[in-house]
Number of protein chains: 2
Amino acid sequence: MEHELGVKPMSAECLQHLKPVRDSLDILNGKWKIPIIVALLHHNYRFKELHRLIDGVTPKMLSKELKELELNELVKRTVFDTTPVTVEYSITPYGKSLEKVIFELGKWGSEHRARIMKGKESIKHARCPEKETVLPG
Amino acid sequence: MEHELGVKPMSAECLQHLKPVRDSLDILNGKWKIPIIVALLHHNYRFKELHRLIDGVTPKMLSKELKELELNELVKRTVFDTTPVTVEYSITPYGKSLEKVIFELGKWGSEHRARIMKGKESIKHARCPEKETVLPG
DNA sequence: CAGAATCCCCGAAGATACTG
DNA sequence: CAGTATCTTCGGGGATTCTG
């Protein structure tokens, strides 16, 4: 079991630690989950409000990703028995626990962006300088 | 500009902070990037070694994701002029800067996994208990 | 060995329309 | 309002084969 690949170890235990990382990414994945979470970290919103707030999302996708977030108990769905019916989405305490992770991701992302802007011309990366004009004032 | 959506603010600045987060996720995204990075955080590997080490990846995908990682200067590709040619991949210092982020993702993922295992039966989540038998001994 | 080229398929996601 | 239903397209990614 020592060197199945020649001289180098298999790093099997190392790759084992992969799973939790992938779990997190799976939960955060999908174009709209992070926007949803970030939005709900600041306010409760109703479906249509989220739809308006998050630029580009379709009702179908919004609904789908909200459901997934709900399944993981990151987001709570509350129905108010008005007419017509009102539904409010809010972040759960568990959802709040993602704040640190999201912060770290944002931090690294900022550094990365800064690094690219700072004339690292060797990098012709795709997404960064341009893209995503965020909701005009 | 105060309440365009009724009584609630737009949270435009909030959604602005999204971009760096998405940058990070974009870079980490793809089934194989994290496995590659984690592997290279421990050793340098050659193409075929990575191919064997990372269970399930095809040469095409491995090549593609390695290229993307290279573009972002997270991974370095070194060609040795032997016959036949040898290529070694290694993590760059910049790639190393991802360690913290990956650690946080792993930490949250572990907690999430633990939480689910701990009999939170209300959650019928997809990926977690089973899946991914990691490289048998 | 280290990949590139080719073919192909299936599922994610957009557009549009409809319902309780 | 808060979604669902259907239809369709598009490209990510698998399997396989080929090359320097």
Side-chain angles (χ1 to χ4, degrees), chain A residues 3-8 22 25-36 39-40 43-71 75-90 126-127 131-132, chain B residues 3-8 22 25-36 39-40 43-71 75-90 126-127 131-132:
Chain A
H3 9 79
E4 244 168 305
L5 284 174
V7 265
K8 292 165 190 170
R22 294 225 54 83
L25 289 180
D26 285 350
I27 284 172
L28 262 24
N29 243 353
K31 235 178 291 192
W32 314 108
K33 291 210 185 62
I34 297 279
I36 291 170
L40 293 181
H43 293 282
N44 299 349
Y45 284 108
R46 288 183 292 137
F47 189 84
K48 186 132 197 192
E49 289 175 331
L50 283 173
H51 181 214
R52 284 190 203 148
L53 186 60
I54 301 175
D55 190 46
V57 70
T58 62
K60 178 181 162 189
M61 281 300 103
L62 183 56
S63 172
K64 182 199 162 200
E65 306 223 332
L66 278 168
K67 254 179 211 156
E68 292 169 6
L69 290 172
E70 227 193 311
L71 254 181
V75 158
K76 186 178 156 209
R77 180 177 180 270
T78 310
V79 182
F80 293 99
D81 204 7
T82 57
T83 40
V85 64
T86 311
V87 177
E88 191 175 80
Y89 290 92
S90 55
R127 165 198 280 259
K131 280 231 175 163
E132 256 129 44
Chain B
H3 9 80
E4 246 169 302
L5 283 174
V7 265
K8 292 163 190 171
R22 293 225 54 84
L25 289 179
D26 285 350
I27 284 171
L28 262 24
N29 242 355
K31 236 178 291 195
W32 315 109
K33 292 210 185 61
I34 297 279
I36 291 170
L40 293 182
H43 293 281
N44 299 350
Y45 284 109
R46 287 183 293 134
F47 187 84
K48 185 130 201 197
E49 288 175 331
L50 283 173
H51 182 214
R52 283 189 204 149
L53 186 60
I54 300 175
D55 191 45
V57 70
T58 61
K60 178 181 163 188
M61 281 301 103
L62 183 56
S63 172
K64 181 197 163 202
E65 307 224 332
L66 277 169
K67 252 178 213 159
E68 292 168 6
L69 290 173
E70 227 193 312
L71 253 180
V75 159
K76 186 178 155 208
R77 180 176 181 271
T78 311
V79 183
F80 293 98
D81 204 8
T82 56
T83 39
V85 62
T86 310
V87 176
E88 191 175 79
Y89 291 92
S90 55
R127 167 196 279 259
K131 282 231 174 162
E132 257 132 44

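We name chains A, B, ... by the order of the sequence lines, and we start the count at 1 in each one.
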Distance-minimising heavy-atom pair for [X] and [Y]:
| X | Y | answer |
| --- | --- | --- |
| A:L53 | A:A39 | CD2-CB, 3.9 Å |
| B:H51 | B:P59 | NE2-CD, 3.8 Å |
| B:R77 | B:V87 | CG-CG1, 3.6 Å |
| B:V57 | B:L62 | CG2-N, 3.7 Å |
| A:I36 | A:E65 | CD1-CB, 4.1 Å |
| A:R22 | B:G30 | NH1-O, 4.1 Å |

Legend entry - Among D:dT4, D:dC1, D:dG3, the one nearest A:R46 by side-chain distance: D:dC1
Legend entry - Which residues share a side-chain contact (heavy atoms from CB on, under 4.5 Å) with B:T82, sequence neighbours left out: B:F80, B:T86
Legend entry - By side-chain contact (heavy atoms from CB on, under 4.5 Å) - contacts of B:K60 (at least two apart): B:T58
Inset, instruction - Would you indicate what B:Y89 reaches in the nucleic acid, counting non-hydrogen atoms under 4.0 angstrom: base, sugar-phosphate, or nothing? - result: sugar-phosphate
Legend entry - Contact under 4.0 Å: A:Y45 side-chain N or O vs D:dC1 OP1/OP2: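 Negative; the distance criterion is not met.
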Legend entry - N or O in side chain of A:S63 less than 4.0 angstrom from D:dA2 OP1/OP2: no
Inset, instruction - Treat primed atoms plus P, OP1 and OP2 as sugar-phosphate and everything else as base, then score nucleotides 7-20 of chain D 5' to 3': B for base contact with protein heavy atoms under 4.0 Å, S for sugar-phosphate contact only, - for none. - result: ------BBB-----
Inset, instruction - Please list, in 5' to 3' order, the outermost nucleotides of DNA chain C lying under 4.0 Å from any heavy atom of chain A. - result: C:dA13 to C:dA15
Spacing of [X] atom [atom1] relative to [N] atom [atom2], expressed in whole Å:
| X | N | atom1 | atom2 | result |
| --- | --- | --- | --- | --- |
| A:I36 | D:dA2 | CD1 | P | 14 Å |
| A:E49 | D:dC1 | CD | C1' | 11 Å |
| A:E70 | D:dA2 | CD | P | 14 Å |
| A:K67 | D:dG3 | NZ | P | 8 Å |

Inset, instruction - Please assess A:Y89 against A:T78 for the test side-chain contact (heavy atoms from CB on, under 4.5 Å), listing each intermediate value before the final yes or no. - result: CA-CA 6 Å; A:Y89 290 92; A:T78 310; over 6 Å; no
Inset, instruction - Can you label the angle between the A:H43 ring and the A:Y45 ring as parallel, tilted or perpendicular, going by 30° and 60°? - result: perpendicular
Legend entry - Contacts of type side chain to side chain donor-acceptor pair (under 3.5 Å), residue A:K33, not counting sequence neighbours: A:E68
Inset, instruction - Note the angle between the end axes of the helix from C:dC1-D:dG20 to C:dG20-D:dC1, five pairs defining each, rounded to 10 degrees. - result: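 Here the helix ends are tilted 50° relative to one another.
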